[in-house]
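Note sheet for the following structure.
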Protein chains: 2
Amino acid sequence: MLSKKCKYAIHALVYLAERYQKGPIHIQEIAEKQRIPKKFLEAILLELRNAKILHSKKGKGGGYYLYRRPEDVNLIEIIRLMDGAIAMLPCVSLNYYEPCEECIDEKTCGIRNAFISVRDETLKVLKNSNLAQIVADQKK
Amino acid sequence: MLSKKCKYAIHALVYLAERYQKGPIHIQEIAEKQRIPKKFLEAILLELRNAKILHSKKGKGGGYYLYRRPEDVNLIEIIRLMDGAIAMLPCVSLNYYEPCEECIDEKTCGIRNAFISVRDETLKVLKNSNLAQIVADQKK
DNA sequence: ACTTTGTCTATTAATTAAGTAGGCAAATAT
DNA sequence: ATATTTGCCTACTTAATTAATAGACAAAGT
């Protein structure tokens, strides 16, 4: 399951994608419209900014805005940033690999194969799911 | 990520699948060989028993054994039993559906589509991954 | 009877997720 | 300049979930 943090991030990004190139949006506005605790949202947007997904402007009239085109921000990146590994086992994670503590021998482990397939299929779907796509789906 | 509980369950079941129809296996033995805290394992095996995946025998010479054939126990069932929903969002879960708290309107939500696809692909893979398959993969 | 082994309920400990507080720093307006 | 707005950053608190443990009980076998 995605964490609330991750879901908040997706909602905030979709909100900003709908307003792409319309100038900075105030945190307060996003928090209210998407019903996200403001302080929590601040931390989330900051992480997205540090990851070069968002840019910000300070002072009056400031706020956050999408740095990249909506079609260039996909769910893989957002989920990895917020929640870490996408795989169901640490030992099959591409970006957050760790050996499984409970595993006796990874080389002969028969469990990993299935989860490698799950990971690959999941990445395939999420790679094609970007902010532009989500905004489009929303309008139906 | 799968919980430790779920990973312990899979390891214990694979251990029992390897010994299918060889009589009951003592909890203690599984706990030691698979390095699982005994008391924790007890609770796990009990759940698997209540779900009709395992049977048990009490008293001397007792223990747990697979109730069904290894090919008839797949990862979907184990994961759902131990960790609940397989989907990444509650609102797209087939067996543990719940509306997303942060969602304004599920009908027009553009986020769900991707996660419905992820869920379907994941189920497709996990459905074909059963204990017999895992044991076979292990021998390579 | 006595021993072995699973059953069940209740607790505790550890970890992670979620949310909050408050001062600092940069940009803008007057 | 200086006051105001707004994001930046660190630290902390609370809540929830996961992991692990304790101990009495019940059934089966010797």
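Here is the naming used below: chain letters follow the sequence lines, and residue numbers restart at 1 for every chain.
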Ring of A/F115, cation from A/R119 - is the NZ or CZ under 6.0 Å from the centre and inside 45° of the axis?
no
Rounded to the Å, how far apart are A/K5 NZ and D/dA16 C1'?
17 Å
Return the 5'-most residue of the pair A/K4, A/K39 with respect to DNA chain C, ranking by each residue's nearest nucleotide.
A/K4
Look at B/K57 and D/dG29 and indicate whether a side-chain polar atom (N or O) is within less than 4.0 Å of OP1 or OP2.
yes
Atom CZ of B/F40 and atom P of C/dT15: how far apart are they, to the nearest Å?
14 Å
In this structure, how many angstroms lie between the P atom of D/dA27 and the NE2 atom of B/H55, rounded?
17 Å
Would you mind reading off the distance between B/L48 atom CG and C/dG6 atom P, rounded to a whole angstrom?
14 Å
Side-chain atoms of B/K58 come closest, of D/dA27, D/dG7, C/dC8, to D/dA27
Ion pair present between A/E101 and B/R35, side-chain N to carboxylate O less than 4.0 angstrom?
no
Starting at atom CD1 of A/I25, determine the distance to atom P of D/dG7, rounded to an integer number of angstrom.
11 Å
It should be established whether B/H26 places a side-chain nitrogen or oxygen under 4.0 Å from OP1 or OP2 of nucleotide C/dT4.
no
How are the rings of B/Y67 and B/H55 set relative to one another: parallel (under 30°), tilted (30 to 60°) or perpendicular (over 60°)?
parallel
Does B/E102 pair with A/K5 as a salt bridge, N-O distance under 4.0 Å?
no
Once you apply a heavy-atom cut-off of 4.0 Å, does A/L45 come out as touching a base, just sugar-phosphate, or nothing?
nothing
In one Ile/Leu/Val/Met/Phe/Trp/Tyr side-chain cluster, 4.5 Å: A/M1, B/I78
no
How close or far is atom C1' of C/dG6 from atom CD of B/E29, stated in whole angstroms?
15 Å
If I take atom CD in residue B/E42 and atom P in nucleotide C/dT5, what distance separates them, rounded to the nearest angstrom?
12 Å
Is the distance from OP1 or OP2 of C/dG19 to the nearest side-chain N or O of A/Y8 less than 4.0 Å?
yes
Under 4.0 Å between any heavy atoms, over every strand shown, what does A/Q28 touch: base, sugar-phosphate, or nothing? Just pick one.
nothing
Does a side-chain N or O from B/S3 land closer than 4.0 Å to OP1 or OP2 of D/dA19, or not?
yes
Starting at atom NZ of A/K60, determine the distance to atom P of C/dA25, rounded to an integer number of angstrom.
23 Å
